[in-house]
Engineer: 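Quick one: structure below, then a few questions.
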Amino acid sequence: MRQRNKPWADDFLKEHQHFIIPNPTEHKGKWKALFKNDKPIHIEVGTGKGQFIVGMAKQYPDINFIGIEVAKSIIVTAAQKVLDSIPEHDNILLLNENANDLREMFDENEVAGIYLNFSDPWPKNRHEKRRLTYKTFLEQYQKILDPSGQVIFKTDNRGLFEYSLVSLTDYGMKLEEVNLDLHAIDDPTNVMTEYEERFSAKGQPIYRLKASF
Ligand code: SAM
């Protein structure tokens, strides 16, 4: 995703610490207390500009959502969407973090759903370990995900999708949905991401899988 330098981003993040949470490791095991309720927590890794997580938070008020995005200049756009669309922002939090080890931020079984949307494909073989569906990431997801929860992955990238099917299966995950053309079905539960809108407008099929451990 294209990043523009936004010199005001640091101040913006500081001003909105009530929902863009600094030092998330301090909240490990205590996220429900921060939301002040017992609702399930779903996370998105690589939230980008926030269309998906904000749309989900609006559509599912009984779920708490946490969006994780490493790029400061991008997460501020997501934060602005939160302010514009969910002024109370009571079921959504954002983390400006690298999700390289989610176990530092979340306790065992603390999360009830994990979304990976249009993750960077890292097509070169030597970059396999960076793909968010590589086995070391699956190990992390398994630790923090409640056994009844799912990993839900959408992409336009056929290579990454095929790789992920193999990686998840080799890991022993159970595939509960494999959809090779998501927009060919009418799925009212599907909330589109920015990338999804862009690629589907070009006529590219969108792939989705749902899997559990
Ligand atoms: N999910 C959005 C969508 O579908 O429109 C954005 C997709 S974009 C290709 C991938 C995003 O993931 C980028 O904004 C990137 O900065 C973020 N990202 C990549 N690796 C990450 C990591 N390890 N932790 C947090 N965010 C990450």
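Both ligands and their constituent atoms are indexed starting at 1 by order of listing. Numbering starts at 1 and runs along the sequence shown.
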Engineer: Counting both backbone and side chain atoms, is some N or O of Asn117 under 3.5 Å from an N or O of ligand 1?
Structural biologist: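 Right, the criterion is met.
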Engineer: Is there a donor-acceptor pair closer than 3.5 Å between any side-chain N or O of Asp90 and the backbone N or O of Glu88?
Structural biologist: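 Answer holds: no.
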Engineer: What atoms of ligand 1 come within less than 4.0 Å of a heavy atom belonging to Asn98?
Structural biologist: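 Ligand 1 atoms under the 4.0 Å threshold to Asn98: 22 (C), 23 (N), 24 (N).
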Engineer: What I want to check is whether the side chains of Gln150 and Glu177 have a donor and an acceptor closer together than 3.5 Å.
Structural biologist: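 There is no such pair between these side chains.
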Engineer: Would you mind listing which atoms of ligand 1 come within a distance below 4.0 Å of any non-hydrogen atom of Glu194?
Structural biologist: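 Listed by number with element: 5 (O).
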Engineer: For atom 25 (C) of ligand 1, which candidate among Ile53, Val70, Leu95 provides the closest heavy atom?
Structural biologist: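 Looking at heavy atoms only, Val70 sits closest to atom 25 (C) of ligand 1.
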Engineer: Taking the six-membered ring of Trp122, is NZ or CZ of Arg131 closer than 6.0 Å to its centre and within 45° of its axis?
Structural biologist: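 Judged by the rule (NZ or CZ under 6.0 Å from the ring centre, within 45° of its axis), Arg131 is not positioned above Trp122.
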Engineer: Strictly distance-based, threshold 3.5 Å: is any side-chain N or O of Gln59 a donor or acceptor partner for the main-chain N or O of Pro188?
Structural biologist: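 Yes, Gln59 side chain to Pro188 backbone: donor-acceptor pair under 3.5 Å.
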Engineer: Run the numbers on Tyr171 and Glu139 for side chain to side chain donor-acceptor pair (under 3.5 Å), then give the verdict.
Structural biologist: CA-CA 9 Å; Tyr171 193 81; Glu139 272 165 28; 5.0 Å; no
Engineer: Taking N or O atoms only and a 3.5 Å limit, does Gly46 qualify as a polar contact for ligand 1?
Structural biologist: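 Yes, there is a polar N/O contact under 3.5 Å.
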Engineer: Which of the numbered atoms in ligand 1 are below 4.0 angstrom from a heavy atom of Gly48?
Structural biologist: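 The atoms of ligand 1 under 4.0 Å from a heavy atom of Gly48 are 6 (C), 14 (O).
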Engineer: Please confirm whether Leu132 comes within less than 3.5 Å of ligand 1 when only nitrogen or oxygen atoms on both sides are compared.
Structural biologist: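 By distance alone, the answer is no.
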Engineer: Would you say Glu97 contacts ligand 1, with heavy atoms under 4.0 Å as the rule?
Structural biologist: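 Distance cut 4.0 Å: Glu97 passes for ligand 1.
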Engineer: Is Val45 close enough to touch ligand 1? Criterion: a residue heavy atom under 4.0 Å from a ligand atom.
Structural biologist: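 False for this residue.
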Engineer: I'd like to know if the side chain of Asn117 pairs up with that of Glu44 as donor and acceptor (distance under 3.5 Å, no hydrogens or angles considered).
Structural biologist: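 Short answer, yes.
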Engineer: Give the atom numbers and elements of ligand 1 that come within less than 4.0 Å of a heavy atom of Glu44.
Structural biologist: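 Those of ligand 1 that fall under 4.0 Å from Glu44 are 1 (N).
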Engineer: Go through ligand 1 atom by atom and flag the ones less than 4.0 Å from a non-hydrogen atom of Asp120.
Structural biologist: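 The list of qualifying atoms is 9 (C), 10 (C), 19 (C).
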Engineer: Say whether Glu69 and ligand 1 are in contact under the criterion: heavy-atom distance to a ligand atom below 4.0 Å.
Structural biologist: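 Yes, Glu69 has a heavy atom closer than 4.0 Å to ligand 1.
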Engineer: If you measure every N or O of Thr193 against every N or O of ligand 1, does any of those distances drop under 3.5 Å?
Structural biologist: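 Between Thr193 and ligand 1, an N or O pair is found under 3.5 Å apart.
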Engineer: Counting only N and O atoms by type, is there a donor-acceptor contact under 3.5 Å from the side chain of Lys6 to the main-chain atoms of Ser73?
Structural biologist: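 Side chain of Lys6 to backbone of Ser73: a pair is present.
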Engineer: Within the structure, does Ala99 bring an N/O atom to less than 3.5 angstrom of an N/O atom in ligand 1?
Structural biologist: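 Between Ala99 and ligand 1, an N or O pair is found under 3.5 Å apart.
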Engineer: Could you tell me whether a side-chain N or O of Lys81 sits under 3.5 Å from a main-chain N or O of Lys49, the two making a donor and an acceptor?
Structural biologist: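 It does hold such a pair.
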Engineer: Just do the side chain to side chain donor-acceptor pair (under 3.5 Å) check on Thr155 and Asn157 with the steps written out, would you?
Structural biologist: CA-CA 5 Å; Thr155 184; Asn157 188 301; 5.4 Å; no
